[in-house]
Each structure stands twice: as C-alpha cells, then as structure tokens.
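Step one of this worksheet: look at the structure below.
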Amino acid sequence: RAVAQRHLAGRLFQAQRLRLAAKHYQEIASFLARPEDFKEQRAEALELRRVAFLNEAACMLQLGEMSHVKDLCDKVLKEEPEQPKALFRRAKALLALKEH
C-alpha cells in the first residue's frame, strides 16, 4: 500500500502538484509511524518512512514552508545523521529562515 502511494506521490510531484504530493507522503509516514510493527520488513519500513519524510521536505521546500522542511529533515537526521539530502534541504531551510 505504502509503495503504491509513494509512486502516486512521485507522479504528483513531477506534475508540480506539490501540496497533494506532500499529503500522500504524510500519509505514508503516518502509516509507517511504528516500523517495529512490520517485523521482518522493519528495515524496508524505516527506509520508506525516511524517503517519505525527504520527499515531503522537497515539496515543502518548493512551496517555501521552511520550518516544515527543517522539522522533516531533523526527523531523518535523527535516524541517519549523515543523510546528504536531509543535510542539504535542512541547510537551505535554515538559510531561508536566517538560522545559520
């Protein structure tokens, strides 16, 4: 279910329907809020949730919602501190928020 929704959100993002794509990414992250519930697929659930956070952050970045971008990237960096996309997007948000 989450994988299919991710593909739909990706198509929406490419069509520049950013708010709708972000909503789908939020739903994916919400569905995967407890990766431990997915037992043998836990690693996949964690990765898909990280991707959802990063892609939602990309949507919010284009929409200029920098505080939201920062929060989403912080969630990713909490689990994967060296994640380059999260570091880059958070840096762009911090610059825009003048919090550098």
Side-chain angles (χ1 to χ4, degrees):
R1 172 184 166 199
V3 174
Q5 197 162 11
R6 176 182 164 207
H7 292 300
L8 171 61
R11 289 193 302 274
L12 291 167
F13 181 83
Q14 289 175 340
Q16 292 297 299
R17 300 199 55 202
L18 301 173
R19 289 212 186 274
L20 190 55
K23 175 86 170 130
H24 283 280
Y25 289 125
Q26 285 174 356
E27 289 174 8
I28 293 166
S30 177
F31 178 71
L32 300 170
R34 294 178 40 95
E36 59 274 8
D37 291 346
F38 294 89
K39 301 198 186 341
E40 54 279 335
Q41 296 168 331
R42 184 178 187 279
E44 292 173 45
L46 278 169
E47 181 60 24
L48 188 53
R49 187 177 70 178
R50 277 194 295 269
V51 168
F53 286 148
L54 285 170
N55 289 347
E56 183 184 351
C59 293
M60 294 296 111
L61 196 59
Q62 289 191 32
L63 292 168
E65 296 186 23
M66 300 306 177
S67 291
H68 198 85
V69 172
K70 180 183 171 293
D71 293 342
L72 290 164
C73 291
D74 285 344
K75 289 178 185 180
V76 173
L77 293 168
K78 184 176 171 183
E79 294 177 8
E80 191 179 341
E82 301 296 319
Q83 213 300 329
K85 288 181 181 180
L87 289 168
F88 179 74
R89 290 175 186 158
R90 187 179 66 171
K92 286 185 81 167
L94 290 173
L95 282 171
L97 293 167
K98 296 181 176 28
E99 293 183 15
H100 46 69

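Nothing here was measured: the structure is a model prediction, and the numbers come from that model.
Summarising the geometry of A96 relative to M66, their closest heavy-atom pair is CB-CG, 3.6 Å, with the distance given to 0.1 Å. Smallest separation of non-hydrogen atoms from A21 and A9: CB-O, 3.5 Å. The shortest heavy-atom contact between E79 and L46 is OE1-CD2, 3.9 Å. Contact between V69 and A57 at its shortest, heavy atoms only, is CG2-O, 3.5 Å.
For E36, the salt bridge (Lys or Arg N to Asp or Glu O under 4.0 Å) criterion is met by R34, not counting sequence neighbours. Applying the side chain to side chain contact (heavy atoms under 4.5 Å, CB included) criterion to Q16, with sequence neighbours excluded, gives L18, Q62. Applying the side chain to side chain contact (heavy atoms under 4.5 Å, CB included) criterion to V51, with sequence neighbours excluded, gives R6, E47, N55. Checked against side chain to side chain contact (heavy atoms under 4.5 Å, CB included), E27 has the following partners two or more places apart in sequence or in another chain: Q5, K23, H24. Every residue two or more places apart in sequence or in another chain was checked for a side chain to side chain contact (heavy atoms under 4.5 Å, CB included) with Q14, and none qualifies.
Within the structure, the ring pair (Phe, Tyr, Trp, His ring centres under 6.0 Å) test picks out the following pairs touching residues 34-64 (sequence neighbours left out): F31-F38. Under the salt bridge (charged side-chain N to carboxylate O under 4.0 Å, His left out) criterion, the residue pairs touching residues 51-68 are R19-E65, with sequence neighbours excluded. Within the structure, salt bridge (charged side-chain N to carboxylate O under 4.0 Å, His left out) contacts touching residues 84-96 (residues at least two apart or in different chains) are D74-R90.
Hydrophobic clustering, defined by side-chain heavy atoms of Ile, Leu, Val, Met, Phe, Trp and Tyr closer than 4.5 Å, leaves F88 isolated from every other such residue. Here L87 sits in one hydrophobic cluster together with L77; the rule is ILVMFWY side chains under 4.5 Å apart, joined directly or through other members.
Neither Y25 nor L12 shares a network with the other; the hydrophobic side chains, linked directly or stepwise wherever heavy atoms of I, L, V, M, F, W or Y lie under 4.5 Å apart, form separate groups for each. A chain of hydrophobic side-chain contacts below 4.5 Å, direct or via other Ile, Leu, Val, Met, Phe, Trp or Tyr residues, connects L97 to M60. Hydrophobic clustering (ILVMFWY, side-chain heavy atoms < 4.5 Å, transitive): F13 and L20 are in distinct clusters. Hydrophobic cluster membership is shared by L32 and V3, with clusters built from Ile, Leu, Val, Met, Phe, Trp and Tyr side chains linked at under 4.5 angstrom.
In this structure, the separation between SG on C73 and NZ on K78 is 15.0 Å, given to the nearest 0.5 Å. Atom CG of residue L72 and atom CG of residue L61 lie 10.5 Å apart, to the nearest 0.5 angstrom.
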Q.
What verdict does the side-chain contact (heavy atoms from CB on, under 4.5 Å) test give for L94 and K70, after you've listed the backbone C-alpha separation in whole Å, the side-chain angles of each residue and the deciding distance to 0.1 Å?
A. CA-CA 7 Å; L94 290 173; K70 180 183 171 293; 3.6 Å; yes

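With Q83 contributing its side chain and A86 its backbone, the two residues share a donor-acceptor pair below 3.5 Å.
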